[in-house]
Structure formats: structure tokens, C-alpha cells
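A quick write-up on the structure given underneath.
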2 protein chains.
Amino acid sequence: MPDEDGVVPKVGIRDVARAAGVSVTTVSHVLNETPHTRTSEATRDRVRSVARDLGYTPNRLARGLRTRASDMIGLLTEEIATTPHAGRIILGAQEEASRHNLTLAIINSHLDAGADARRADARALIERQVDGIIYATVFHHEVSVPRELRAVPAVLIGALDRQGVVPAVLPDEASGAADLVALLVDAGHRRIAFADSSIEVPATQGRLVGYLRGLEQAGIPRDDRLITAGVSEAGGGYTTSLELLDRVDRPTAIFCYNDRMAMGAYRAAQELGLRIPDDVSIVGFDDQAPIAASVHPALTTVALPHYEMGAWAVATLTRLIQSSSTSWYRSTHPTLLPCPVVIRESVAQNNQ
Amino acid sequence: MPDEDGVVPKVGIRDVARAAGVSVTTVSHVLNETPHTRTSEATRDRVRSVARDLGYTPNRLARGLRTRASDMIGLLTEEIATTPHAGRIILGAQEEASRHNLTLAIINSHLDAGADARRADARALIERQVDGIIYATVFHHEVSVPRELRAVPAVLIGALDRQGVVPAVLPDEASGAADLVALLVDAGHRRIAFADSSIEVPATQGRLVGYLRGLEQAGIPRDDRLITAGVSEAGGGYTTSLELLDRVDRPTAIFCYNDRMAMGAYRAAQELGLRIPDDVSIVGFDDQAPIAASVHPALTTVALPHYEMGAWAVATLTRLIQSSSTSWYRSTHPTLLPCPVVIRESVAQNNQ
DNA sequence: CTGAAAGCGCTTACAG
DNA sequence: CTGAAAGCGCTTACAG
């Protein structure tokens with residue numbers, strides 16, 4: 001309880017021990033429920049109630065120093081907090097951490113900060129004695145993992161380790177894209193365009209691959225005239241869709257690389273007097289929170305498993321930490337997490 | 001360097017001391033650049049180079065235990081990581097923390113988790129010995145701050161302390177709204193509608209107040225027929241704008257409560273064959289990342305100072321921590337941070 | 001069933 | 001200018 005200054009005198013384990021008339025050893029055993037330690041029920045009750053009455057709060061710093069486990073996970077993000085939806089990676093990691101009684105310490109590195117800054121950030125986390133580090137990037141390019149990450153168990157989100165030794169998790173963009181195509185095919189579409197992004201990120205590969213796989217699985221021959229590319233913003237989707245929809249044999253559906261491009265496609269369709277989805281179906285990718293649900297008609301798209309990747313990373317890390325094996329890493333195969341199709345209103349049956 | 005097992009033997013301050021042929025005291029002084037401590041230049045150089053060669057990484061846990069300062073700030077968010085843009089609060093806090101050589105530990109509480117869960121979360125942070133806590137909420141309702149927050153310096157983001165004792169920072173929504181109205185007035189508009197949100201959050205108050213203040217400053221009489229309310233989603237903006245724009249004396253500009261409602265207003269205008277901004281100007285609020293820039297024409301709106309609030313919180317907290325005064329809190333006035341108008345293309349000169 | 005004591009890796013008066 | 005030693009608040013063999 002606060003004294004008249006409002007200062008709360010910190011009560012430590014020895015205060016509890018003294019007040020309960022036992023040793024600190026016993027207090028520690030009781031409060032931590034140390035296995036293989038038999039303490040009389042009476043003593044345990046007394047210790048617990050004294051601890052509560054005194055408002056004892058264990059000092060996890062001291063505990064960590066002694067046990068050599070800080071129970072903290074470091075999350076190193078690369079420009080990710082700026083990205084929409086990235087908050088869900090943090091959220092997934094945080095909630096999984098809470099489930100394991102771990103705390104998440106985060107540091108954000110700027111993309112353009114360079115390798116040195118990133119290494120310094122990793123070091124800062126290691127100085128905190130984090131038990132493991134999650135390194136999350138925006139695009140899943142291959143990264144050379146800062147070598148400080150070798151000092152501690154680590155996992156990657158959205159990136160591949162060039163040395164192929166650090167476990168990684170990625171969205172299964174190809175399957176998501178293929179599923180989306182299947183949805184279109186099921187609705188009777190066969191002339192499905194792919195409005196790709198012209199910028200070179202690995203995600204492009206995945207989505208294009210999935211698009212092609214989807215066609216193949218439906219027995220629809222690839223038609224390169226239906227594959228276009230533009231800036232991965234609304235503007236790019238507009239330009240590219242305008243051209244696509246102005247053809248005599250225009251596609252009955254457009255699969256846009258992302259939701260922003262889909263917004264542009266909406267506008268193109270509108271200007272051409274085509275109704276969505278009756279005259280043309282449009283789908284996107286990303287399930288970007290405010291866009292996909294706010295456009296009219298609401299956009300059918302594919303969601304990225306941000307939350308799940310964050311949770312996966314912490315779960316995997318705790319396993320690595322517990323195994324405490326010298327060789328943390330077995331599999332070099334990245335884990336692919338499903339990208340679920342989110343059905344809204346921008347796809348209609350095709351009757352042509 | 002790793003031995004053959006890949007295990008990196010932890011090097012501590014005593015290893016450095018031994019290798020440099022000095023005491024740990026000296027190593028500590030040199031590495032921390034302790035003031036009022038004169039160590040020969042030669043010794044300092046030797047210590048530093050030995051530390052570097054050995055790859056010495058100070059253990060901040062041990063340091064914290066000794067100095068009673070963990071150099072960690074706890075960020076307690078309330079459902080915030082789910083909110084678009086909330087990442088920027090975390091980012092602002094994180095970057096400001098880095099500047100002070102502090103690390104951010106985050107925990108997210110669910111809105112519906114209740115006061116007990118929130119208190120447990122605060123306690124978890126305090127067990128980590130955080131030097132201060134930031135409590136960030138989505139809507140700035142008044143909150144009763146968990147009493148564990150009294151044990152440590154704390155600041156509020158986006159909320160007011162019911163007891164009026166914890167420093168708080170809020171977006172100056174009223175001024176932002178007034179500025180937006182001023183922009184419209186400068187463009188010659190006088191019949192400016194306000195498509196308010198029908199849900200009751202304090203932000204509504206601020207924006208409405210700002211709208212009215214803006215009119216007043218321009219000498220435009222308040223016209224309640226121009227103030228409507230709808231669901232604060234695209235659908236609400238659509239319905240409400242449709243009605244507004246269908247009047248004979250329709251407004252020349254619509255100020256939407258948020259960007260999502262503005263998207264609905266866009267659709268209403270389109271359906272009525274009104275061009276934006278030539279026939280009607282539309283503005284929003286929030287500057288929601290993917291929406292405002294992706295709609296056509298790009299939306300003029302007001303940005304929320306998320307990043308700045310995060311940075312403010314950490315900066316203020318460090319000041320409170322350093323002052324180490326028993327009575328941390330002086331001012332009960334919340335700090336209001338400006339909401340800058342972001343001019344894009346949805347406002348045109350009115351010539352009626 | 002319970003406790004005395006060492007030690008985790010640092011910092012910091014204090015002494016020389 | 002430099003160092004020996006105490007101590008931050010815990011946990012954990014070990015002994016009884």
C-alpha cells in the first residue's frame with residue numbers, strides 16, 4: 001500500500017517470506033508450483049495469501065537473470081508497421097506470446113536503413129536477452145539474415161533465408177490464386193484475365209503461378225493476351241482493365257493482382273457502362289480491410305494470413321527454444337499458410 | 001566465436017576484464033562512459049577493442065536489475081492492432097523509444113475482455129519492470145485507468161482519464177474539421193453538408209463541433225437540414241448522400257464523417273450523374289491509407305496523427321520517468337495534436 | 001517438508 | 001587512475 005507520498009514500497013520475495021514466516025526458497029517453490037516439491041497445504045495457503053495481501057509482484061528481470069530465460073520474444077519488423085494489415089502480424093504474434101506467458105518486444109527497421117542498422121536492431125534485442133527472434137519482412141524476397149540472429153533461435157515471416165537454414169513462413173499465394181480461379185470457373189467463366197503487377201516482387205510470381213495452375217486444373221488453355229501488367233495501384237488496374245474490357249472478345253472476369261488494382265478495374269468497368277458483376281466479374285487479392293468491404297459491390301478477394309503467420313512464428317519459436325537442441329533447424333522447407341478466399345459480391349454466374 | 005557445436009559461449013563483462021587485464025569496474029566505466037571517471041586513454045582503447053574482439057554483448061537484464069531501470073516501455077493497446085492505421089501508433093512509439101535507447105514491450109487487450117483482463121495485462125508489464133506504460137485505445141472515451149497503472153508512470157493515447165490525473169494525448173479533431181470546412185469555404189462553398197456518423201463515439205463530437213466552428217468562422221449560418229447521420233460505413237455515406245444530393249437546393253460540398261462514408265458518397269454522386277468534384281465536392285476524414293489515395297478522384301481528407309501520438313507518448317513518458325518526482329502528474333489538460341488536411345482532388349471551386 | 005547459501009551479470013559507492 | 005566487494009531479486013542444487 002502507498003505511503004503518504006504515494007510511493008509504493010516494492011515488496012520482494014523476502015518480504016513475503018518474512019511475513020509468512022518461511023524461507024524465500026519455500027515462497028519461490030509455492031508461487032512457482034515447482035514440481036517435485038512437497039510443501040504442506042497449510043504453508044502453501046499462507047504463502048499465497050500473504051503474497052496477495054502484500055501485493056507481491058515478482059520481478060521477472062531477476063528471474064530471467066537467474067534462469068537465463070527472459071521469456072521475451074523479439075519481433076524485428078522491416079518497414080512492416082507501415083504496411084496496411086501488418087498490425088495483424090504483430091497481433092497474432094502478441095496473442096500467441098501471451099498464451100505462452102511470453103512478452104513481445106518489437107523493433108522496426110526501415111527498409112532503406114541497410115544491413116548495419118538491421119544488425120544493430122537485432123543486437124539490441126539480444127542485449128535484452130530475448131529467447132528468440134522473429135524477423136518479419138513486407139515482401140518475401142530472400143534475405144540474408146543478420147548473423148546476430150544465429151546467436152538465438154529465429155524464424156522468418158514473409159521471407160526466405162538465403163542460406164536456407166532459418167525456418168520461414170509464407171502465405172500460400174499460389175493456392176489462394178488457384179482457388180480464386182476455381183471459384184470463377186465454377187461460376188462459368190472461361191475467359192479470365194489476370195491484371196498482374198508490373199513491379200517485381202515474389203508475390204507476383206505466386207499469384208501468377210496460381211492463376212495459371214487454376215486455369216490448367218480447369219482445362220482452360222493459357223492465353224497470354226489475357227495476361228496484362230500495370231502499376232499495382234488503382235491507376236494501373238484502371239488502365240489495364242480499360243484496355244481489357246474494350247476488346248470485342250473481352251474477358252468475362254478479371255483477376256486483379258491486388259485490391260487496389262481492383263478498385264481501378266471497377267472504375268474502368270463503370271466508364272464503359274459495364275455492370276459488376278453482371279457484365280463482368282472482378283476479383284482482387286489481399287482483402288485490404290477498408291477497401292474490399294467498402295467498394296460497391298463488395299469485392300470478392302483472397303485474404304493474407306497475417307495473424308496466422310504471427311502466431312505461427314511465436315509457436316514455432318517456443319518449440320525451438322524448448323527443444324534447446326544445438327541444431328535448432330531441421331527442415332529448410334518454408335511453411336505455407338493458406339490464403340482463404342473471401343466471397344463477397346463481385347462475382348456472378350457467367351451465361352455467355 | 002562458435003565452437004564446433006555451434007554454441008556461442010556467452011562472454012560476460014568479467015571475460016572482457018580478464019582479457020584486457022583490468023577490473024570489471026573499469027570495463028563497466030569505460031563501456032558506459034560513466035561521467036566523473038578518468039581512465040587512461042590507453043586503457044579505454046584496450047577495453048573497447050577487447051570487448052569488440054570478444055563480441056561482448058552487455059546483458060541488459062542484469063543491468064536493469066542493478067540500476068532498477070529496465071529501459072523498457074510497456075505499450076498496452078486496446079483492440080488497437082486490429083484497427084487500420086493503428087500500426088502507426090506502434091511505429092511512432094517504437095521509433096521514439098529507439099531514439100532514447102528504450103525497448104517497447106507490447107500487449108494487446110481485447111475490447112470485450114473486461115477490466116480484469118486489462119489489469120492482468122498491466123501487471124504482466126509491471127512484472128517485466130517496465131519504466132512506464134502507455135495505454136492506447138481506439139476511441140477516446142473516458143476510461144478508468146487500471147489501478148496497477150498507478151504504480152508506474154503512465155500516459156494515455158486516444159482516451160481521457162476519468163480521474164483526470166494521467167496525461168493524455170488526443171487528435172485535435174475539431175480543428176482538423178474546422179480547417180477542412182475553411183478549405184471548402186475558400187473554394188467558394190457555402191452549402192456544405194455534414195454526413196455525420198450515427199454511432200456515438202467522442203470523435204463524432206469533435207468533428208461535428210469542428211464543422212460548426214468552421215461555418216461560424218466563415219459567417220455561414222448553421223442549417224440543420226444539412227446535417228445528416230448514417231452508419232459510419234460506405235453504405236451510410238451512400239444513403240445519406242443520395243438523399244442530400246437529390247434535393248433541389250443540394251449542397252455543393254459534402255463533408256463525410258470518415259473516408260469510408262466518403263466512398264459511399266462517391267457512389268451516390270455517380271448514380272445521380274454528378275461529377276466529383278465539378279458538380280459536388282466531397283471530403284472525408286481519417287486519411288485511411290488505401291482508400292483515400294485509391295478512389296477516383298483521390299479524396300481530400302484529414303489525417304489522424306497516429307505516429308505523432310505514439311511518439312508523444314514515449315517522449316512524455318521518458319520525461320516523467322526522468323523527473324522521478326513523486327507526483328508525476330501536473331497538468332490534467334489533454335494534449336491535442338493537429339490533424340493535417342491532406343489535399344487531393346475531390347474539392348473544386350464552386351461557381352454557383 | 002523446509003532452509004542456507006551460491007550465483008545469474010551487471011553497477012556503484014568506497015577505498016586506495 | 002584503478003579495483004575489491006556488496007547487492008539488485010530471484011532460482012536451485014544441496015543438505016538436513
Side-chain angles (χ1 to χ4, degrees), chain A residues 8-48 50-51 54-72 101 126-131 151, chain B residues 8-48 50-51 54-72 101 126-131 151:
Chain A
V8 184
K10 251 301 191 185
V11 1
I13 195 174
R14 60 200 305 164
D15 299 304
V16 177
R18 201 172 307 141
V22 296
S23 71
V24 295
T25 307
T26 300
V27 175
S28 175
H29 286 328
V30 170
L31 263 24
N32 293 318
E33 299 178 355
T34 316
H36 312 304
T37 301
R38 309 216 68 54
T39 309
S40 75
E41 198 53 53
T43 308
R44 306 172 61 128
D45 283 350
R46 187 151 33 90
V47 168
R48 278 194 279 251
V50 166
L54 258 42
Y56 170 63
T57 314
N59 182 331
R60 296 259 242 150
L61 243 51
R63 178 179 216 276
L65 182 61
R66 182 54 233 246
T67 61
R68 300 166 149 295
S70 65
D71 291 343
M72 293 209 300
N101 197 18
I126 289 173
E127 289 186 0
R128 301 293 188 181
Q129 311 301 114
V130 293
D131 298 330
Chain B
V8 184
K10 251 304 192 184
V11 3
I13 194 173
R14 61 200 302 164
D15 300 304
V16 176
R18 200 172 308 137
V22 296
S23 71
V24 295
T25 306
T26 301
V27 174
S28 176
H29 285 328
V30 171
L31 262 25
N32 294 317
E33 300 177 355
T34 316
H36 312 305
T37 300
R38 309 215 70 51
T39 309
S40 74
E41 198 54 51
T43 308
R44 306 172 62 130
D45 283 350
R46 187 152 32 90
V47 168
R48 278 194 280 249
V50 165
L54 258 44
Y56 171 63
T57 314
N59 182 331
R60 296 258 243 152
L61 243 51
R63 178 179 218 274
L65 182 60
R66 182 55 231 247
T67 60
R68 300 167 149 294
S70 66
D71 291 343
M72 294 209 300
N101 198 17
I126 289 173
E127 288 186 0
R128 301 292 187 181
Q129 311 300 115
V130 294
D131 298 330

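Because the structure is a prediction, the values reported are computed rather than measured.
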In dot-bracket form, 5' to 3', how is DNA chain D paired? Count Watson-Crick and G-U wobble pairs only if both distances fall under 3.5 Å, and write | where the partner sits on another strand.
|||.||||||||.|||
Can you pull the contact range of chain A along DNA chain C, 5' to 3', using atoms under 4.0 angstrom from its heavy atoms?
C:dC1 to C:dG9
Quick one: OH on B:Tyr56 to CD on A:Glu127, what's the gap to the nearest 0.5 Å?
8.5 Å
Any side-chain heavy atom of A:Arg60 within less than 4.5 Å of one from A:Asn101?
yes
Per the side chain to side chain contact (heavy atoms under 4.5 Å, CB included) rule, which among A:Asn32, A:Thr25, A:Val27 passes with A:His29?
A:Thr25
Please round to the nearest 0.5 Å and tell me the distance separating atom CG of B:Leu31 and atom CZ of B:Arg44.
10.5 Å
Test item: side-chain donor near acceptor, A:Asn59 and B:Arg68, under 3.5 Å
no
Where along residues 25-34 of chain A does a heavy atom come under 4.0 Å from DNA chain D, residue by residue in number order?
A:Thr25, A:Ser28, A:His29, A:Asn32
In terms of the nearest nucleotide of DNA chain D, which residue is placed more toward the 5' end: B:Ser40 or A:Ile13?
B:Ser40
Please list all pairs meeting salt bridge (Lys or Arg N to Asp or Glu O under 4.0 Å) that have one or both residues in residues 17-33 of chain B, counting only residues at least two apart or in different chains.
B:Asp15-B:Arg18
Would you kindly compare A:Pro58 and B:Thr37 by the position of their nearest DNA chain D nucleotide and give the one closer to the 5′ end?
B:Thr37
Test of understanding: with side-chain hydrogen bond (donor to acceptor under 3.5 Å, both in side chains), list the residues that count as partners of B:Thr37, not counting sequence neighbours.
none
Spacing of A:Leu61 atom CG and B:Arg63 atom CZ [to the nearest 0.5 Å]
12.0 Å
Any residue meeting salt bridge (Lys or Arg N to Asp or Glu O under 4.0 Å) with A:Arg128, in chain and number order, not counting sequence neighbours
none
Can you tell me how far the OG1 atom of A:Thr39 sits from the CZ atom of A:Arg46, to the nearest 0.5 Å?
11.0 Å
